[in-house]
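A short write-up of the structure that comes next.
A note on names: the letters A, B, ... follow the listed sequences, proteins ahead of strands, and every chain is numbered from 1.
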Amino acid sequence: MHKKTRRTYKKSIFSEAGKKSQTCSKTLEGKTATFAPHFFPMPNIVSIIQDAVAAAVTELYAEPVDAAKVQVNSTPPDFTGDYSVVIFPFAKIAKKAPDAAAQEIGAALQARVSEIRAFNVVKGFLNLEISDAYWQQFLQDTASDPSFGRQPKNGKKVMVEFSSPNTNKPLHLGHIRNILLGWSCTQLLEAAGYEVVKTQIINDRGVAICKSMVSWKNFGEGKTPASEGIKSDHFVGDYYVLFEQKTKAEYEAWQQSEAGQALLAEKQKPGQTPEAFFKDFKNKWFNEYSQLGSEVRDMLLKWENHDPETIALWKKMNDWVYEGFDKTYNALGVSFDKLYYESDTYLLGKDIVEEGLSKNVFFKKEDGSVWIDLTDAGHDQKVVLRADGTSVYITQDMGTAQMRHRELGCERYIYVVADEQNYHFQVLFEALKRLGEPYANGLYHLSYGLVELPTGRMKTREGTVVDADDLIAEVLRIATEQAAERNEIDNASQTEQAENLRKIGMGALKFFIIKVHPRKKMIFNPEESVDLQGQTGPYIQYSYVRIHRMMLRVQNDHIDLSKAVEYSGIQAQEKDLLVALHQYPSVVEEAAQAYDPSLVANYCYALAKSYHRFYHELSVLNAETEPAKAFRLQLSQTVGQVLASGMALLGVEMPDRM
RNA sequence: GGCUCCGUAGCUUAAUGGAUAGAGCAUCUGACUACGGAUCAGAAGGUUAGAGGUUCGAGUCCUCUCGGAGUCACCA
């Protein structure tokens, strides 16, 4: 019966949420397949410099140097040069003052490397100027390589697990951060050459969903999302909230009852107020005295015993939730390859416990409960199986890890889960290591900070949780409002305009969230999140739109770009862009390796900023000469291509006008 | 209390151990008969929580102190 649920959900997610991203990934894969051999059409200038420095130092001072450790940075604006080599580490080897060594190394480099046009030395830094010919060649190669920044397939497979919601209420802001982070990592890893399996674990069973079920059964009067005209996951969530309200009312009534007062008199500690007592007592009350509480436990028991009526209700309500989730995932532009349901996996892990016992990784206490002792690794003892033989959270996770590895055979498994579970994953991974699981060293917890509002942490009980659908609707509303204020006369069709507004609104929201380093907790200011100016997604989209509009002119006017090669005298603003473009592949690689999309976000912003400046200070379509015009157009085109590519890695699409 | 993470301008943030800590928002001043002003230029705003240490060089590494968050369940 569980299988049917899985199938239904999978089908719907591919029919709706999957559609857009499928198209998207098809394009990218097509490009990869076609252009993969040209990944680095010409040698990377930074590694040329590194190699040459290593060779020069070895030759000059008879001391071997690791080329990878030669520090090469792009030269700060106030100095002359494109790249700077840090010479301090070689001063000691040379037994000379840093500046003297820099002079010698600089001379050796210039003699050795034809791309180096000139050099100067400032306070131990060797500043190198790269020849225009190199940059010309670089631009030609890059402009014709749509897969620039993407690595060829490396034949390795990784799994990324993200989102993983409960099925008792709709997605909220916290899920959005998780989803954007997870999605972006899948895109980064694909760009880095991996085959990526996108998964989530749907927490579709347990007390929470039973609460919604009891609530609907008792108070729902047979209403449905369709009959009420409410988005179906919100409909279910509303019954969850109603359950909490009814429980609260029941508890308050009980507190005033004879039974409640008697218990208070009996158990109240000296000096404890009745309020404090009842607050502490709430869980115990729910488990032992509450009518609704006992109905929930009943429901859970019936579910575990496969009671047909309960299972039917469970399926009906979960299907409502999935239908709603699909819409939200669709709006966010994400999809999954493989879904796991907790109802299928919650019993897993018991055979691992047996195995662990036989390997003496686990031990059994007198009451029959099974434990792992991690005190030697700075952790505590943790229970892995209850005394009654039932699983706990970590038992399931061990079982699921093993099952997934058998099924998928990945090299790495990335869990995108908030940092409140750091300890859990440390213990989980350590346990799997000690069990000798072959994939144990490939496990990684991508931990991220919780999202907080300026007023503090979001709390369900205080109604401060920011709903995902509401938030999405809000950014779209702001984008529409802002566009209207601009009062642009636009011939685009209604659907085209709506599509662009959607890209702008979602671009603002996504960029706002993804630009912050994952590890940092995030203060989410709703007003700032919909800003369309400054360090935002739309700022980057705007530079893309400028380029896109110019490229239309190139097409319509049949402007010949081949004259670009005749251009000489590259300007500072152009050089900034070339150096930034050159950096793109290493940024992607680093971001993929560190599982850190914020690196790409900050890179895209910096590139867009350089472009806006370039655009403002130099004429493109009205450039002084034909070669200058062609060169700047080609440069612009390449910037646009890299911006679109980089933002796609963050899940942000580019509008063609705004 | 133990362990982990964080502390950078009023706010949100950036900086493979490298040059004068870089942006955005907010504040103030300029630039449109437009290659699209959702842009650009400029001003002001910093003892990188504090104190030691390692280093030619520390926001970054080490130690301690202070402040904040998370976690330490036979919950998930």
Side-chain angles (χ1 to χ4, degrees), chain A residues 69 71-73 75-76 78-79 84 86-89 91-92 97-98 122-125 127 166 203 206-208 283 342 346 365 367-371 378-380 382-397 418-424 426-427 447 449-450 452 454 457 479 482-483 485-486 488 504 508 512 515-517 519-525 527-529 531-543 545-547 549-550 553 586 590 594 598-599 601-602 605-606 608-609 611-613 615-623 629 632-633 636 657-658:
Chain A
K69 288 189 179 147
Q71 294 177 69
V72 179
N73 310 317
T75 305
D78 294 347
F79 300 92
S84 299
V86 182
I87 296 299
F88 292 104
K92 210 172 262 174
V122 182
K123 290 194 294 185
F125 292 89
N127 303 321
N166 291 320
N203 300 296
V207 173
N283 269 338
E342 202 205 348
Y346 80 110
K365 289 194 177 173
D367 64 358
S369 60
V370 180
W371 295 71
H379 301 128
D380 297 323
K382 298 288 291 186
V383 71
V384 295
L385 199 68
R386 291 194 187 101
D388 65 5
T390 55
S391 301
V392 290
Y393 186 38
I394 202 162
T395 326
Q396 282 184 50
D397 269 2
D419 64 7
E420 53 190 356
Q421 294 197 38
N422 284 354
Y423 186 67
H424 168 74
Q426 280 176 22
V427 172
S447 164
L450 291 176
E452 293 180 15
R457 209 169 158 174
Q482 295 281 310
E485 266 180 33
R486 270 165 241 293
E488 293 238 344
I504 295 163
F512 183 80
K515 74 177 179 187
V516 180
H517 192 286
R519 191 173 48 236
K520 299 187 93 166
K521 103 179 163 189
M522 194 172 135
I523 311 289
F524 185 86
N525 186 329
E527 285 169 25
E528 288 172 12
S529 73
D531 273 353
L532 309 177
Q533 277 140 32
Q535 193 180 22
T536 65
Y539 174 95
I540 298 164
Q541 290 172 323
Y542 186 57
S543 53
V545 166
R546 285 181 145 169
I547 293 165
R549 306 311 287 181
M550 282 195 301
R553 285 275 295 276
S586 62
E590 198 187 335
S598 73
L599 288 172
N602 289 315
Y605 174 72
K609 191 172 165 64
Y611 187 77
H612 280 306
R613 182 182 198 137
Y615 182 86
H616 191 263
E617 294 180 359
L618 299 174
S619 282
V620 180
L621 289 169
N622 303 319
K629 178 172 161 183
R632 286 173 196 164
L633 280 167
S636 297
R657 61 174 80 200
M658 58 195 293

Would you indicate whether the side-chain heavy atoms of [Y] and [X] approach each other to under 4.5 Å?
| X | Y | answer |
| --- | --- | --- |
| A:Pro89 | A:Gln71 | yes |
| A:His612 | A:Tyr542 | yes |
| A:Gln482 | A:Ile504 | no |

The nucleotide from B:rC72, B:rG70, B:rC40 with an atom nearest the side chain of A:Arg457 is B:rG70

In terms of side-chain heavy atoms of A:Gln535, which of B:rG24, B:rG36, B:rC40 is nearest?
-> B:rG24

Looking only at heavy atoms, which two atoms of [X] and [Y] are closest? And how far apart?
| X | Y | value |
| --- | --- | --- |
| A:Leu532 | A:Ala508 | CD2-CB, 3.8 Å |
| A:Val383 | A:Trp371 | N-CE3, 3.4 Å |
| A:Pro98 | A:Ile87 | O-CG2, 3.6 Å |

Separation between the [atom1] atoms of [N] and [M], rounded to whole Å:
| N | M | atom1 | answer |
| --- | --- | --- | --- |
| B:rA44 | B:rA9 | C1' | 10 Å |
| B:rA14 | B:rA49 | P | 14 Å |
| B:rU12 | B:rG46 | C1' | 16 Å |
| B:rU39 | B:rG24 | P | 10 Å |
| B:rC56 | B:rC40 | C1' | 41 Å |
| B:rC5 | B:rC64 | P | 13 Å |
| B:rA26 | B:rU13 | C1' | 14 Å |
| B:rA58 | B:rU16 | C1' | 15 Å |

Quick one: is [X] getting a side-chain N or O under 4.0 Å of the [N] phosphate, OP1 or OP2?
| X | N | value |
| --- | --- | --- |
| A:Arg546 | B:rA34 | no |
| A:Arg386 | B:rA76 | yes |
| A:Arg657 | B:rG36 | no |
| A:Tyr615 | B:rG36 | yes |
| A:Arg613 | B:rA41 | yes |
| A:Tyr393 | B:rA76 | no |
| A:Arg519 | B:rU4 | no |
| A:Lys520 | B:rA14 | yes |
| A:Lys92 | B:rC56 | yes |

Without decimals, in angstroms, what is the distance between [X] [atom1] and [N] [atom2]?
| X | N | atom1 | atom2 | answer |
| --- | --- | --- | --- | --- |
| A:Asp380 | B:rC3 | CG | C1' | 9 Å |
| A:Met522 | B:rG7 | CE | C1' | 18 Å |
| A:Tyr423 | B:rC3 | OH | P | 12 Å |
| A:Leu532 | B:rG36 | CG | P | 20 Å |
| A:Gln421 | B:rC75 | CD | C1' | 11 Å |
| A:Ile540 | B:rC40 | CD1 | P | 12 Å |
| A:Gln533 | B:rA38 | CD | P | 8 Å |
| A:Tyr542 | B:rG24 | OH | P | 17 Å |

Does [X] reach a base, just sugar-phosphate, or nothing at all? Heavy atoms under 4.0 Å.
| X | value |
| --- | --- |
| A:Ile504 | base |
| A:Val545 | base |
| A:Ile394 | nothing |

Would you kindly compare A:Tyr539 and A:Leu621 by the position of their nearest RNA chain B nucleotide and give the one closer to the 5′ end?
->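 Going by which nucleotide is closer to the 5' end, it is A:Leu621.
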
Toward the 5' end of RNA chain B, by each residue's nearest nucleotide, A:Lys382 or A:Gln426 =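 That would be A:Gln426.
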
Can you say whether the rings of A:Tyr605 and A:Tyr539 are parallel (under 30°), tilted (30 to 60°) or perpendicular (over 60°)?
->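 The rings of A:Tyr605 and A:Tyr539 sit tilted, inter-plane angle from 30° to 60°.
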
For residues A:Asn422 and A:Ser447, is any side-chain donor paired with an opposing acceptor at under 3.5 Å?
->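 A:Asn422 vs A:Ser447: donor-acceptor pair found between side chains.
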
Identify all stems in which RNA chain B takes part, counting only runs of at least 3 consecutive pairs (Watson-Crick or G-U wobble, each distance under 3.5 Å), and give each as one range with another, ordered by first number.
->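 Output for stems: B:1-7 with B:66-72, B:10-13 with B:22-25, B:27-31 with B:39-43, B:49-53 with B:61-65.
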
For A:Thr536 and A:Gln541, what are the C-alpha separation, side-chain angles and deciding distance, and is it a side chain to side chain contact (heavy atoms under 4.5 Å, CB included)?
-> CA-CA 9 Å; A:Thr536 65; A:Gln541 290 172 323; over 6 Å; no

Would A:Asp397 and A:His424 satisfy side chain to side chain contact (heavy atoms under 4.5 Å, CB included), going step by step from the backbone distance to the final call?
-> CA-CA 10 Å; A:Asp397 269 2; A:His424 168 74; 2.8 Å; yes

Write out a two-atom table: protein N or O, nucleotide N or O from nucleotides 15-20 of chain B, distance below 3.5 Å.
unit_1 : atom_1 : unit_2   : atom_2 : d
B:rU16 : O4     : A:Gln71  : OE1    : 3.3
B:rU16 : O4     : A:Asn73  : OD1    : 3.3
B:rG18 : N7     : A:Gln71  : OE1    : 3.2
B:rG18 : N7     : A:Gln71  : NE2    : 3.4
B:rA19 : N6     : A:Ser84  : OG     : 2.6
B:rA19 : N6     : A:Asn127 : OD1    : 3.3
B:rA19 : N1     : A:Asn127 : OD1    : 3.2
B:rU20 : OP1    : A:Lys123 : NZ     : 3.4
B:rU20 : N3     : A:Asp78  : OD2    : 3.3
B:rU20 : O4     : A:Asp78  : OD2    : 3.4

Would A:Glu528 and A:Lys515 pass as an ion pair if we require N to O under 4.0 Å?
-> no

Give the intermediate values and the outcome of side chain to side chain contact (heavy atoms under 4.5 Å, CB included) for residues A:Phe524 and A:Ser529.
-> CA-CA 7 Å; A:Phe524 185 86; A:Ser529 73; 3.4 Å; yes

